[in-house]
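This report refers to the structure that appears directly beneath it.
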Amino acid sequence: MDLPTPKVPSLLEVSQGASLVRLSIFWRIVLTSLLIIVVMAGVNFYALFQLRQLSALSTTLASQHYPAIEQAKHVQAVAFNQLNSEKKYLAVRDPTFLQHFDEEVEEFHRGIENLLRQDTSPEGRQLLEQALRYQQDRLALFHTELENAASTPASVSPEYEARRNEVMDHMTSSLDHYVDYHEGVISAGVSRSRESSAQAEAITEQLVLLALVVGVGLAGIASYTILRPLRQLQSHIKQIGQGNFRASLNIRAPSELRDLVDTVNWMGGKLQELDDMKGEFLAHVSHELRTPMASIQEGTHLLLDEIPGPLSQEQRTTLRIMADSSRRLITLISTILDLSKMDAGMMEYRIVPTDLKRITDMSVNKIRLLADAKHVQLVVESPAQRVWVKADAIRIEQVMDNLLSNALKFSPEGGIVKTQMKSDNKAGVLEVAVSDVGPGIPTDELPHIFERFYQGSTKSRHSVPGSGLGLALAKKVVEAHGGRIWIESEIKKGTTVRFILRLTKPGAPA
């Protein structure tokens, strides 16, 4: 077997290849997978970013605001303890209570200083500084009261208690506002965290859906760019299987499939060469055989006419068989030559307004004797008036002869062969149908019924074997007239062959 010769790309193909990168199937799958991974990774990174923000917010709340609130409450408790120690000392003048008071003052200052170091917010620092100033004012009042008590011992004056309580209220109020401030920050942070979480959840869901859509879309595009050339190639191979070798497939496909397409095109070209050789051989042999067959037929007729001398009954029967066989062989040869001319585009048609009803009657009359011998009824259903179509009378008569002969051949004894003609003036066409009540054609054979030499598996009893060229010729002729021919069949109920031709009027130009 010859191998396909390497194809040298032209300058146009090179320029096209430069502008259009034909990726292989491997790289298409790899790039599609990478794009899907990138999309999914983007979604994951966004979700991770949102989680980190929420985690940072939680960390801030846990490491700053909650400890600040606890520390502020502790400082506030220390202030009240300090007040109690002061009251006890002023009541009994015990140095132990004064020592406790000093320790609590130091603890209060340490707590405020720790809060000032940790708190960076202006509002919080302002409240702490206010509390510290009130503490200093309170200590100043206490020390003044101690000096007055040393010079003139007496009970605590009501004026001092009033001013001390006022300063104490301001100080605790500042600490309360500080606690409220941080609790508000926590509440706002929690609300913001919930909103961010809900928003992140909604956006993540949308991104996941978008990623799924994009992933499915990318996978679909990648699959389509691979499967579409395969389907086109499959359709092209089916055409080759049906005998259409001339069509060449030219598609944009991955490099692996492109090599396969080139190989299939090369195979189609080789098959076309073989088909052309076969057609030329048949045409040549048929042409060479027609002349001697015509001589044999003419000599047989001379013998039947007893020109050379009288014949016995056995000789006459033999000569009739020879004459019938030679006639059939000449018809077969003529059909092969006609098909060869049609394939080569050399068949000439004389398309003129033709009375199809007259042609149909002529074809029916040709098979009437054979139909009577098989007791087959011939029925013609046609309009009362003449039916004119644009056609070559001789070629359309060939079509009718072949269709009627086939219908009669497959009709059982006592059957009916019906010819119907229905005109559609609106569409401007005439439909002709030739039907029988024979065994029918299997569904799987219908697509091949118009192929040359195809006779199918259905055989009629006592029928004359055919060549399988009649329907192929009929299809060529009908399509050359711009018409269409098709077959409808049902097993054990018969077959109907239909074709349409264009209507015209007598005397109208072809």
Side-chain angles (χ1 to χ4, degrees), residues 45-90 96-146 160-201 203:
F45 280 133
Y46 174 80
L48 182 60
F49 174 74
Q50 294 296 328
L51 287 175
R52 285 183 175 177
Q53 283 190 326
L54 294 175
S55 177
L57 180 59
S58 300
T59 302
T60 302
L61 294 177
S63 62
Q64 296 182 11
H65 299 289
Y66 285 117
I69 291 173
E70 295 297 326
Q71 184 70 20
K73 289 182 179 180
H74 177 70
V75 169
Q76 197 172 29
V78 171
F80 284 111
N81 292 335
Q82 180 181 315
L83 177 63
N84 291 331
S85 297
E86 177 188 345
K87 289 180 179 180
K88 292 176 182 179
Y89 174 76
L90 292 176
T96 303
F97 295 115
L98 182 60
Q99 183 181 0
H100 291 168
F101 177 81
D102 292 337
E103 292 175 354
E104 290 160 354
V105 168
E106 292 179 3
E107 186 177 358
F108 181 90
H109 282 262
R110 285 197 302 270
I112 293 294
E113 289 174 359
N114 289 333
L115 289 174
L116 286 172
R117 282 196 301 269
Q118 295 174 4
D119 201 331
T120 58
S121 62
E123 296 86 349
R125 293 182 66 86
Q126 182 180 359
L127 292 172
L128 291 173
E129 289 172 355
Q130 285 180 359
L132 187 59
R133 284 196 299 270
Y134 287 128
Q135 169 70 359
Q136 292 173 352
D137 293 343
R138 182 175 172 282
L139 291 176
L141 287 173
F142 178 68
H143 289 130
T144 301
E145 181 66 19
L146 288 180
Y160 168 75
E161 290 183 351
R163 293 183 61 188
R164 181 193 64 192
N165 292 337
E166 181 181 0
V167 173
M168 188 69 181
D169 290 340
H170 286 303
M171 183 176 64
T172 56
S173 177
S174 297
L175 292 174
D176 287 338
H177 286 127
Y178 181 80
V179 171
D180 292 340
Y181 165 73
H182 279 280
E183 287 179 348
V185 171
I186 291 174
S187 178
V190 171
S191 298
R192 189 167 61 252
S193 174
R194 289 176 180 174
E195 293 176 359
S196 299
S197 177
Q199 182 180 6
E201 182 180 358
I203 294 176

Just verifying a value: how many Å separate [X] [atom1] and [Y] [atom2], rounded to the nearest 0.5 Å?
{"X": "Asn165", "Y": "Glu161", "atom1": "CG", "atom2": "CD", "result": "7.0 Å"}
{"X": "Phe142", "Y": "Leu90", "atom1": "CZ", "atom2": "CG", "result": "5.0 Å"}
{"X": "Leu127", "Y": "Leu132", "atom1": "CG", "atom2": "CG", "result": "12.5 Å"}
{"X": "Met171", "Y": "Leu83", "atom1": "CE", "atom2": "CG", "result": "8.0 Å"}
{"X": "Leu175", "Y": "Ile112", "atom1": "CG", "atom2": "CD1", "result": "5.5 Å"}
{"X": "Ser191", "Y": "Ile186", "atom1": "OG", "atom2": "CD1", "result": "12.0 Å"}

Any side-chain heavy-atom pair from His109 and Leu139 closer than 4.5 angstrom?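 Result yes, sub-4.5 Å side-chain heavy-atom pair found.
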Which pairs with one or both residues in residues 161-194 pass ring pair (Phe, Tyr, Trp, His ring centres under 6.0 Å), sequence neighbours excluded?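 For residues 161-194: His65-His182, Tyr134-His170, Tyr178-His182.
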Can I get a per-line list of side-chain donor-acceptor pairs under 3.5 Å for residues 70-77, giving both atom names and the distance, sequence neighbours left out?
residue: His74; atom: NE2; partner: Glu107; partner atom: OE2; Å: 2.9
residue: Gln76; atom: NE2; partner: Thr172; partner atom: O; Å: 3.2
residue: Gln76; atom: NE2; partner: Asp176; partner atom: OD1; Å: 2.5

Kindly state each residue pair satisfying salt bridge (charged side-chain N to carboxylate O under 4.0 Å, His left out) with at least one member in residues 77-89, sequence neighbours excluded.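 Sorted pair list: Glu86-Arg138, Glu86-Arg164.
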Keeping Arg125 on the side-chain end and Thr120 on the backbone end, is there a donor-acceptor pair under 3.5 Å? no
Determine the minimum heavy-atom distance between Ala79 and Phe108, stating which atoms define it. CB-CE1, 4.0 Å
All N/O donor-acceptor pairs, side-chain side in residues 97-106, below 3.5 Å, sequence neighbours left out:
residue: Glu104; atom: OE1; partner: Gln82; partner atom: N; Å: 3.2
residue: Glu104; atom: OE1; partner: Ser85; partner atom: OG; Å: 2.9
residue: Glu104; atom: OE2; partner: Ser85; partner atom: OG; Å: 3.3

